[in-house]
2 protein chains.
Amino acid sequence: MARKVTLKSEATRARIFEAALRVFRERGFHAATMREIAAEAGVALGAAYYYFDSKNAIVMAFYEQAQQKMLPELERTLASSRTLESRLRAIIQQKFETFAPNRALLGALSAHIDPDHPLSPFSAATAGIRDRDTAFFERAIGESGVRLPPSILPYLPRLLWLYQMGLMLFWVYDKSARQARTALLFDKTLAMMLLLIKLAGVPLLRPLYRPAGELLKAIYGEG
Amino acid sequence: MARKVTLKSEATRARIFEAALRVFRERGFHAATMREIAAEAGVALGAAYYYFDSKNAIVMAFYEQAQQKMLPELERTLASSRTLESRLRAIIQQKFETFAPNRALLGALSAHIDPDHPLSPFSAATAGIRDRDTAFFERAIGESGVRLPPSILPYLPRLLWLYQMGLMLFWVYDKSARQARTALLFDKTLAMMLLLIKLAGVPLLRPLYRPAGELLKAIYGEG
DNA sequence: CGGAAAAGTTGAACGTGTTCAAAATTAGAT
DNA sequence: ATCTAATTTTGAACACGTTCAACTTTTCCG
């Protein structure tokens with residue numbers, strides 16, 4: 001990795017990065033080779049590895065850059081809407097739009113379930129990304145007047161993150177025209193989730209929420 | 001792949017297969033090399049590829065063999081129990097027991113979400129395995145008197161398969177002593193699911209089941 | 001400037017999964 | 001038994017991601 005932000009070297013890094021994205025888009029992440037990326041950027045193979053620890057690291061950099069780019073828009077969303085529904089809709093919609101030009105590449109970043117794999121959405125390596133994402137869901141809930149039992153509420157941000165991750169995965173591999181099936185999935189599942197949250201106060205569901213709370217504790221640990 | 005079942009060649013195939021499992025267990029799937037497997041089996045590198053199309057194919061063979069081994073026990077389970085709960089518990093427990101000696105290796109077979117990756121549980125390459133698995137859940141439901149709206153019932157086998165897959169994944173990566181967290185997860189989620197199915201008749205949930213049916217149709221297609 | 005340290009750049013080399021043409025062995029027919 | 005075709009076995013070769021020692025350029029201090 002580059003130590004200092006020398007302007008020249010930062011330009012080289014950017015050239016390699018953009019060459020990589022270009023090659024990824026053309027050939028797909030797997031078929032793309034580091035040699036081709038280096039050639040496309042006009043540097044030697046070793047230079048690519050001077051700036052990026054690995055092929056995977058380039059995808060990580062891509063995701064982090066995308067996350068940065070989304071920040072202002074997400075802030076605006078939180079400031080300009082109050083209900084959980086409008087916020088969730090906006091946040092997730094924003095992700096779709098941001099990643100649309102590199103939809104397939106996003107697959108490379110989330111193709112792995114294994115929490116030990118660096119590119120897994122559940123890995124330690126992606127914890128930073130995950131936490132920043134989750135923080136927005138936390139804020140989306142925080143000021144929106146959602147009522148949930150205290151045994152469940154603390155887990156809601158992480159559950160929403162999981163929900164959004166599932167949507168993104170479906171989207172990445174959705175081969176329908178203009179990802180219409182994902183749009184349908186989004187609409188219906190969002191409605192169901194909000195309905196579920198609304199129903200939380202109903203006594204009938206109490207026996208379901210108790211084990212649900214214990215379950216979440218078992219999975220995630222204490223709040 | 002071997003064309004005919006010559007006894008000699010079948011023995012060689014078995015030697016390579018068992019050598020592979022041994023090396024996988026010792027080194028892990030990733031660290032294991034085809035050269036080491038071949039050496040362990042006492043054949044040249046090329047021989048391993050004569051019998052198995054790829055390193056991945058060995059893991060597939062492993063899963064298919066395990067599935068075969070489970071068959072009689074699963075049949076016995078279906079014959080000797082009637083309730084959905086006892087059947088699900090037995091089927092899933094059977095899987096845990098069968099795969100326990102190669103728990104980590106199972107991770108290699110299910111580490112990928114990408115439906116295009118050969119080893120993904122959602123890929124075309126694993127469709128046969130998936131269908132055979134799902135068939136058992138279908139039979140487990142079929143004769144157990146479960147009542148569900150017809151807009152949902154047809155999807156239940158696939159949903160149960162998904163549930164079981166999730167459990168297995170959690171189990172594979174569960175680092176708690178004797179996978180105690182998975183046991184807890186199994187217990188609680190199974191209870192919740194059965195409760196949910198019981199509640200299906202309650203009018204209050206009707207507004208939730210309607211969109212649920214549409215959702216399933218959107219995901220899986222018609223029945 | 002001058003020169004040394006730091007930053008950047010190079011391409012050969014390693015170990016990997018996989019392929020393949022060639023060699024060795026076995027099976028089957030005459 | 002002999003010859004031919006099929007099956008099995010071999011190991012060199014390929015392209016890949018990655019490492020690294022050597023080389024070149026830039027930076028910085030006197």
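Naming: A, B, ... by sequence-line order, numbering from 1 per chain.
- Partners of A:Ser80 under the side chain to side chain donor-acceptor pair (under 3.5 Å) rule, at least two apart in sequence or in another chain, do not exist in this structure.
- Taken to the nearest 0.5 Å, the CD1 atom of B:Ile92 stands 4.5 Å off from the CZ atom of B:Phe186.
- DNA chain C lies under 4.0 Å from at least one heavy atom of each of the following residues of residues 54-64 of chain B: B:Ser54, B:Lys55.
- Note: CZ (A:Phe52) to P (C:dT9) measures 13 Å, nearest angstrom.
- As a whole-Å value, the separation of B:Glu10 CD from D:dT9 P is 12 Å.
- A cation-pi arrangement is present between A:Arg139 and A:Phe136 under the rule of less than 6.0 angstrom and at most 45 degrees off the ring axis.
- For B:Thr134 and B:Glu138, the side-chain atoms include no donor-acceptor pair closer than 3.5 Å.
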Protein-nucleotides 4-6 of chain C N/O pairs closer than 3.5 Å?
none

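- There is a side-chain donor-acceptor pair under 3.5 Å between A:Ser176 and A:Asp174.
- A cation-pi arrangement is found for A:Lys55 relative to A:Phe29, the charged atom lying closer than 6.0 Å to the ring centre and inside a 45° cone about the ring normal.
- Among residue pairs with one or both ends in residues 104-131 of chain B, those qualifying as salt bridge (charged side-chain N to carboxylate O under 4.0 Å, His left out) are A:Lys175-B:Asp116; sequence neighbours excluded.
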Might you work through the side chain to side chain contact (heavy atoms under 4.5 Å, CB included) test for B:Ile58 and B:Tyr51, ending with a clear yes or no? CA-CA 9 Å; B:Ile58 304 182; B:Tyr51 287 100; over 6 Å; no
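- Listed candidates were C:dG17, C:dG8, D:dT8. Nearest to the side chain of A:Tyr51 is C:dG8.
- Taking 4.0 angstrom as the limit, B:Lys8 places a side-chain polar atom (N or O) nearer than this to OP1 or OP2 of C:dT26.
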Side chain to side chain contact (heavy atoms under 4.5 Å, CB included) between B:Asp133 and B:Gln164: does it pass, once the steps are laid out? CA-CA 10 Å; B:Asp133 268 350; B:Gln164 164 252 16; 4.2 Å; yes
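- For the pair A:Arg87 and A:Phe137, the cation-pi criterion (under 6.0 Å, within 45° of the ring axis) is not fulfilled.
- One interatomic measurement links the two molecules: NE2 of B:His30 to C1' of C:dG17, which rounds to 11 Å at whole-angstrom precision.
- If you check residues 31-48 of chain B against DNA chain C, the residues with a heavy atom closer than 4.0 Å are B:Ala32, B:Thr33, B:Met34, B:Arg35, B:Leu45, listed by number.
- For the pair A:Arg27 CZ and D:dC16 C1', the computed distance is 14 Å after rounding to whole Å.
- At the phosphate of C:dT9, neither OP1 nor OP2 sits under 4.0 Å from any side-chain N or O atom of A:Tyr50.
- Contacts classified as side chain to side chain donor-acceptor pair (under 3.5 Å) and involving residues 29-43 of chain A (residues at least two apart or in different chains) are given here: A:Arg22-A:Glu40, A:Arg27-A:Glu36.
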